[in-house]
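Heads up: the structure comes next, in C-alpha cells.
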Amino acid sequence: MRKIMMVIRREYLQSVTKKSFWIGTLAFPLVLLLIMGLAVGAHFLNPESERRIAFIDETGQLAANMVAALNASDENKFKDGKPRFVVEAVPLTGTSEETRRSLEQKVLDEEIHGILVARQDLDPNAAFGLYLKSVGDEDTGRALRRALQSAVVQLRLERSQLELDRATLDSFVQPIELKSFEVKAGGEATEKDPGVAQIGMLIFSMILYITLFIYGFATARGIIQEKSSRVMEVLLGSMSHNQLITGKILGIAAVSLTQMIIYAGTAWAARLYIMLKQDPQRFSNVLELVAPGRIIFFLVFFLLGYFLYTSMFAIVGAVSNTEQDAQNLQTPVVMLLMIPYIMSVFFVKHPDSAAAVAASFFPPFTPMVMFMRISVLTPPFWQIALSIVLMLAAIWFMFRMAAKIFRIGSLMHGKRPTIPEILRWARS
Amino acid sequence: MTTAVSLANLTKTFGEHRAVDGLSFDVPAGSIFGLLGRNGAGKTTTIRMIMDILRPDTGTVTILGSADALAVKDRIGYLPEERGLYPKMKLTDMLEFAGSIKGMAVADARRAGAQWLDRLELGAWKDKKVEDLSKGMQQKVQFISAIMNKPDLLILDEPFSGMDPVNQEVFKDLILELNRTGCTIIFSTHVMESAEKLCREIALINHGRAVLHGPIAEIKKKFGTNTVQLEFDGDGSFLDGLPGVEKVHHGGHSAEIRLAQGADHQAILKAAVGRLVIRHFSVVSPTLHSIFIQQVGLEQGGNGNA
C-alpha cells in the first residue's frame, strides 16, 4: 500500500509541478470562455448596432403591421428599449426583382443588413424572400419570420372582410411563447431550456472526450518512457507489477481529478457570483448549465470513464516500445471513445430511444451516452445504477487484463507483439 | 553457514528457447557471489526470477528466508543490467523516490540521498535533472539508488559494463565496504577478471545450466596447478607445438599455457629459454578466465557446435 502511495505521490508531484499542466488546465476554460465570449460578445461588442432591413412590399400593406409585430416582442429590443431591427419599406423602382437588384450592393457594402421581399399574391410557398450577406444569421431569419407571419395573417384577415375590431385582430396574431418543461417522476416538472441542455451536453461531452484521451494517452506515454529510459526494471526491483501499475493509474487519476475539480470549482464560483451579485433570473441558463447535480454526475462518469479508458491505454503502453507504436495501437481505443461522442450528438434528440438506452449500458459508451441522457432527461434510477455497476465490472476486468499484459510487456523491448500474442498474455 | 538465496531446479522457457534449464545453487549469507557466464547464458533471466520480476516455469526461489521476494524487497538492493532513472527528475527527488519505494521514510530517503551525493562528489549537482548529468555521474546515482536502503542483499547485474576505470574502483570499494557490514552480494558478469578479484564463490552457467559451482579456491584446486604464466619478448607461436602443452592462451607478449596431466613445466621453460627473452615465469592455478573458456568450450564441444 505504501509503495502504491509513493508511486501516486511521484506521478502527482511530477505532473502538477509542470508548467504544461497549468497551461493545459487554464487554457481549456479560457478557450471555452473565448468561444462563448465570441458568441455572446457579438451582442456586446456592438451593443447599439441595429439591423436595417429594406422591405420591398408589393402589397404596400405589410410593412406597418410588421414593424408593430416586431416591436411587440421584447426579444427584438435592446436593453435600452431601442428596436433591434429597423424595417423600412422601399418604394418600387420597376418590378420588385429590379428593385431588389438595385439594393443588393448596399447589402454587400453592409449599408443595410438585408432585403425582405413580399409579393402581391402572398403565396405561402413562393411569395417571400430574405436576402442576406450571410444566411448563417439565424436570429434575423427567425425574428423576421415571426413578425412577417403575424403581418400576413393580419392582412389576410383584413382582406377577408370579417368585421373585427383592432384588439381582437391583435389577439389573433399575437405570437405565442412555447416553453419546455422536463417531467420528473415524483417531482415538480421543471422548466428547461432545450438549447441549454444541448449546449451543456456538447460542452461536457467534449471535456470528457478530450480529457479521457489526454490522460489515457499520458498513461501510455508514461509507461513507454519508463520502458525506454530503462527505469522500469529498477521500479520492479522495489515493488510488484500490480503495485506499479495501480499506483500509476491512481496517480494520473489524482492529477486529472485535480484538473476537474479546478474546472468544477471555477464553475461553482461563477454560479455563486451570479446568485449573489447578479440577477439570477437573467442568467438562469448559466445557472442551469452548472447545476450541482450535473457537475456531480459529470465527475462520477468522468472517473468511471477514466479508469476504464486508462486501463486500455495502459495496455497500449505496455505492448508498445515507442510512441509511434502507441499512436498506431491506440486507434481502436480512440474509436471506442469517438463513437459515443458522435452518438451523443445524435441521440440528444432521442435520449430515450432503445438504441440510446442500450448504448448507455455498454461500458465504453456509458460515460458519454449516460451523461448525455442525464443531461436532457432524468432516466429511471435503476438505469443509472445499472450502468454504473456494469462500468465497475468492466473496469475490474480491464484492469486485470492490463495488469497481466503489463507483467509480460513491461520488460519487452524490440519487436512489438502481435495481437494474438497480446491475447495470449492476457489469458496467461 | 546460512543461505541468503537458494535456487532449486529453476526453469524458464521463452517460446522455443529454454533460457534457464534446471538451475540449482545456493548463495551463502555474507558472501560475494559471482554469477558467471557468456552473454545469453541465462544470467539476467535467473536474476529476474530471483527478484520475482519473472515467474519461473518450474522450481523455487528462497530469498532471505522467504519464498516471496515481494515480502523482502525492501531489504534487497537491485541494480539491473538495463538501468535507468527518470530523466526529468532532480537528483534529490529521484533518490528520495528510490529510497521511499524501498520502505524508507520520505525525509530519511531525502537525507540519505543528499549524503550519498556529497560522498560521491555529486553534491553540487543535487538540484540538477538526471538528464543533465554525464553517463558516469548517472551510474553513480543509479548505484546510490540501489544501496541507499542499506540492503541485506545486493544484486548487481553486470555492474561494471560501460563503466570507466575510476568509477569501477569507486564501486568496487563500495561493494567491499557493504560486504564487510554483512551484506550479501550477488553479481553477474562475463568479465572473469573482475569476478576473480571480488568473489569468494561463483556459479558458472552456460545454456541455462550450472557448469561449475562453489568457492573459487576449491574450483581452482580441482583444476590443479598445471598452468604456466609466461611473459616474454619475441615470437611465442612455437609454444603450441611443445610436448605436454594442451592449450595456449596467447596474449601478445604473454601466454597462459595449460599443460597435460603430469607434464613437466621445467621442460617448457628450457624450451623457451634461448628462443624468447623471458621476463616472468610462474606455475599457477589456471585463471577463472581459462577455466571458463575450457568449460564453456567443452560444453559446446559436447553439444556439437564448437
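Chain identifiers are assigned alphabetically (A, B, ...) following the order of the sequence lines, protein sequences preceding nucleic acid strands; residue numbering begins at 1 within each chain.
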Checklist entry - Heavy-atom distance under 4.5 Å between the side chains of B/P80 and A/V234, does that happen here? => result yes
Item to check | Any A/K3 side-chain heavy atom under 4.5 Å of B/K102 side chain | outcome: no
For chain B, which residues from [range] lie under 4.5 Å away (heavy-atom distances)?
range	result
residues 243-252 of chain A	A/Q243
residues 304-311 of chain A	none
residues 6-18 of chain A	A/M6, A/V7, A/R9, A/R10, A/Q14

Mind checking the [atom1]-[atom2] spacing from [X] to [Y]? Nearest 0.5 Å is all I need.
X	Y	atom1	atom2	result
A/I408	B/R55	CD1	CZ	10.5 Å
A/S238	B/D74	OG	CG	8.0 Å
A/R2	B/S100	CZ	OG	6.0 Å

Can you tell me which portion of [X] sits under 4.5 Å from chain A's heavy atoms? Options are side chain, backbone, both or neither.
X	result
B/N149	neither
B/L54	backbone
B/E96	side chain

Next on the checklist: Tell me if the CZ atom of A/F397 is crowded by more than 12 foreign heavy atoms within 6.0 Å.
Outcome noted: no
Next on the checklist: Taking CD in B/E131 as the centre, count heavy atoms belonging to other residues, nucleotides or ligands within less than 6.0 Å. Is the count above 12?
Outcome noted: yes
Next on the checklist: Holding to side-chain hydrogen bond (donor to acceptor under 3.5 Å, both in side chains), I want the full list of residues that pass it with A/Q259, two or more places apart in sequence or in another chain.
Outcome noted: A/T25, A/Y215
Checklist entry - So which heavy atom on A/E233 is nearest to which on B/I53, and how close? => result CG-CD1, 3.9 Å
Item to check | Interface residue of largest heavy-atom contact number with chain B, from A/M5, A/M232, A/Q225, A/H241, under 4.5 Å | outcome: A/H241
Item to check | Residue pair B/Y86, A/E226: steps toward the side chain to side chain donor-acceptor pair (under 3.5 Å) verdict | outcome: CA-CA 7 Å; B/Y86 284 109; A/E226 279 168 4; 2.4 Å; yes
